[in-house]
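First comes the structure, then the notes that go with it.
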2 protein chains.
Amino acid sequence: MSTTLSPTPRTQISRGKNRAVPDRERLHAFLGDALVAHLGVTVGSGEDAHPVVLPTAYGFDLDGPDAGGSLYLHGSVAAGWLAKALERDVCVTITELDGLVAARSGFHHSMNYRSAVVIGRPRLVEEPDEREHALALVVDQMIPGRWATLRPATRKELAATAVLALPLAEASMKARAEGPVDDPEDIEAGIWAGVIPIHRVADAPVTAEDAQGAPPEDVVRRATGLGAAAECSPR
Amino acid sequence: MSTTLSPTPRTQISRGKNRAVPDRERLHAFLGDALVAHLGVTVGSGEDAHPVVLPTAYGFDLDGPDAGGSLYLHGSVAAGWLAKALERDVCVTITELDGLVAARSGFHHSMNYRSAVVIGRPRLVEEPDEREHALALVVDQMIPGRWATLRPATRKELAATAVLALPLAEASMKARAEGPVDDPEDIEAGIWAGVIPIHRVADAPVTAEDAQGAPPEDVVRRATGLGAAAECSPR
């Protein structure tokens with residue numbers, strides 16, 4: 001597999017080409033960092049066809065059976081979107097907001113972000129080992145190391161869960177990570193401009209009402225890693 | 001307009017009905033709080049039709065010309081998605097992640113979130129006052145009060161910008177805001193479970209390299225409101 005992303009006509013970035021991130025490694029690092037995907041599926045047909053976009057957890061595996069790696073999604077076998085997602089191509093977009101860009105004009109206001117777009121036909125994962133591995137990756141994407149601390153999935157749970165793999169072959173990434181880009185006249189006018197950096201933080205874990213004891217190491221590590229009760233000075 | 005959301009068949013929540021939020025007021029409060037929308041448009045036709053999901057800024061107005069309020073999106077007049085979005089129905093989904101739900105089994109792992117789904121045919125906003133008001137709302141959604149501090153948009157800027165209004169008539173909202181919901185056997189086994197709360201925070205504003213002086217009041221207020229250099233103890 002090439003180390004650069006080779007866009008197809010469908011993932012070729014047409015607007016803001018300067019924001020395109022061609023490195024496969026940066027895509028992988030970003031996928032490892034983000035938490036929420038938005039899955040777009042087409043429902044209805046003919047004139048009534050329209051997309052539905054649903055937020056969802058995800059996992060990914062670079063060593064799976066799909067060339068370029070696999071993005072894994074899961075859901076209830078009874079979910080309405082599931083059959084649609086297997087019949088037609090879908091789009092999964094994963095975005096993290098990194099900052100609000102306060103320019104000198106409304107026109108140049110922007111956001112700093114990282115965003116990956118993956119288009120393709122999902123594959124229903126049926127092989128038991130790949131299914132379980134995919135579910136582990138989805139849970140570990142939320143809290144790294146967690147799956148290994150849990151009891152095995154039951155036959156009933158596995159039967160109620162559908163796992164889809166979307167090949168990462170047709171993927172593109174864009175990122176903006178800079179200050180405002182203003183018109184020379186506005187810069188010369190001496191108006192303030194800058195960025196409000198934004199990121200996700202965690203608070204300390206909250207124990208469930210029906211549980212007791214201290215949170216396990218994997219949960220504490222995740223919360224601390226996301227800044228819970230961490231440094232105090234402005235970063 | 002009713003104070004409750006009246007789902008159409010397209011926005012009727014089929015899975016996780018217990019997470020449906022029927023109050024229009026909560027939808028409006030959420031739209032006021034979130035920062036990023038994901039716009040799903042259908043591209044291609046026939047067998048080749050597929051959704052493309054793009055992250056975007058947004059604004060909204062409850063007193064606009066659309067019954068139920070208007071969600072405003074903007075983009076370059078040259079953007080490829082623009083024509084598609086006017087030809088067919090689109091879906092805009094706005095999601096904020098509020099927590100990672102660490103259950104006692106992989107199956108019951110979940111996320112706490114708020115999410116709104118709006119489906120409909122966007123209207124190209126052409127009336128000059130509504131266009132400018134919409135652009136002000138998009139900027140103020142990022143940094144409240146900012147538009148009023150900026151120079152007016154130029155004719156050239158306005159000509160380069162397309163503004164779309166999506167009626168909020170066909171909208172649904174879901175939210176999860178609770179601890180893990182585990183099986184009785186797992187609870188009895190005394191395993192820890194809980195939630196890692198997650199939220200967005202800002203850092204102190206970073207002045208652009210080509211700017212000087214202190215950030216203006218609206219920028220400071222936004223950053224502080226999102227927690228920049230604020231309280232240090234675990235919240």
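Throughout, a chain's letter reflects where its sequence line sits, starting with A, and its residues are numbered from 1. Side chains included, hydrogens not; waters and symmetry mates left out as well; all remaining heavy atoms used. A quick note: this is a predicted structure, and the numbers were derived from the prediction, not measured.
- Looking only at side-chain heavy atoms (C-beta outward), V219(B) and W192(A) come within less than 4.5 Å of each other.
- Neither the backbone nor the side chain of L135(B) comes within contact range of chain A, judged by heavy atoms closer than 4.5 Å.
- P55(A) places a side-chain heavy atom less than 4.5 Å from the side chain of T93(B).
- The part of V36(B) that comes within reach of chain A is its side chain, from C-beta onward, which places non-hydrogen atoms under 4.5 angstrom from that chain.
- No other option in A153(B), S45(B), P216(B) has as many heavy-atom pairs under 4.5 Å with chain A as P216(B).
- Each of T161(A), L100(A), V138(A) has some count of heavy-atom pairs under 4.5 Å with chain B, and the biggest count is that of L100(A).
- Heavy atoms closer than 4.5 Å to chain A are found in the side chain of V117(B), but not in its backbone.
- Between I191(B) and R151(A) there is no side-chain heavy-atom pair separated by less than 4.5 Å.
- Atom-to-atom distance recorded for L158(B):CG and F107(A):CZ is 9.0 Å, nearest 0.5 angstrom.
- Under 3.5 Å, the side chains of T42(B) and H50(A) contain no donor-acceptor pair of N or O atoms.
- Salt-bridge formation is not detected for the pair D98(B)/R200(A): no Lys NZ or Arg NE/NH1/NH2 atom is positioned less than 4.0 Å from an Asp or Glu carboxylate oxygen.
- Within the 4.5 angstrom heavy-atom criterion, only backbone atoms of A103(B) (N, CA, C, O) approach chain A.
- The part of V41(B) that comes within reach of chain A is its backbone (N, CA, C, O), which places non-hydrogen atoms under 4.5 angstrom from that chain.
- No side-chain heavy atom of M142(A) sits under 4.5 Å from any side-chain heavy atom of V101(B).
- Residues D210(A) and R104(B) form a side-chain contact, since some pair of their non-hydrogen atoms from C-beta on lies under 4.5 Å apart.
- A donor-acceptor pair shorter than 3.5 Å can be found between the side chains of H109(A) and R146(B).
- The contact between T207(B) and chain A is made by backbone and side chain atoms together, counting heavy-atom distances below 4.5 Å.
- Two residues are said to be in side-chain contact when any heavy atoms from C-beta on lie closer than 4.5 Å; I198(B) and L226(A) meet this criterion.
- Side-chain contact check for V206(B) versus P197(A): some heavy-atom pair is nearer than 4.5 Å.
- The contact between I119(B) and chain A is made entirely by side chain atoms (from C-beta outward), counting heavy-atom distances below 4.5 Å.
- Atom CG of L39(A) is separated from atom NE2 of H38(B) by 11.5 Å, given to the nearest 0.5 angstrom.
- Both the backbone and the side chain of S105(B) come within less than 4.5 Å of a heavy atom in chain A.
- Using non-hydrogen atoms only and a strict 4.5 Å limit, the part of residues 176-185 of chain B facing chain A consists of P180(B), D183(B).
- Contacts between A214(B) and chain A at a heavy-atom distance below 4.5 Å involve the backbone alone (N, CA, C, O).
- Looking at V139(B), the atoms closer than 4.5 Å to chain A (heavy atoms on both sides) all sit in the side chain, from C-beta outward.
- Of the two parts of D186(B), only the side chain, counted from C-beta on, holds a non-hydrogen atom closer than 4.5 Å to a non-hydrogen atom of chain A.
- Of the listed residues (D89(B), L150(B), D48(B)), the one with the most heavy-atom contacts under 4.5 Å to chain A is L150(B).
- Atom CD of E209(A) has 12 or fewer heavy atoms from other residues, nucleotides or ligands within 6.0 Å.
- The two residues V53(A) and G40(B) have their closest heavy-atom pair at CG2-CA, 3.7 Å.
- Between chain B and the options G194(A), G213(A), A57(A), heavy-atom pairs under 4.5 Å are most frequent for G194(A).
- Neither the backbone nor the side chain of T149(B) comes within less than 4.5 Å of any heavy atom in chain A.
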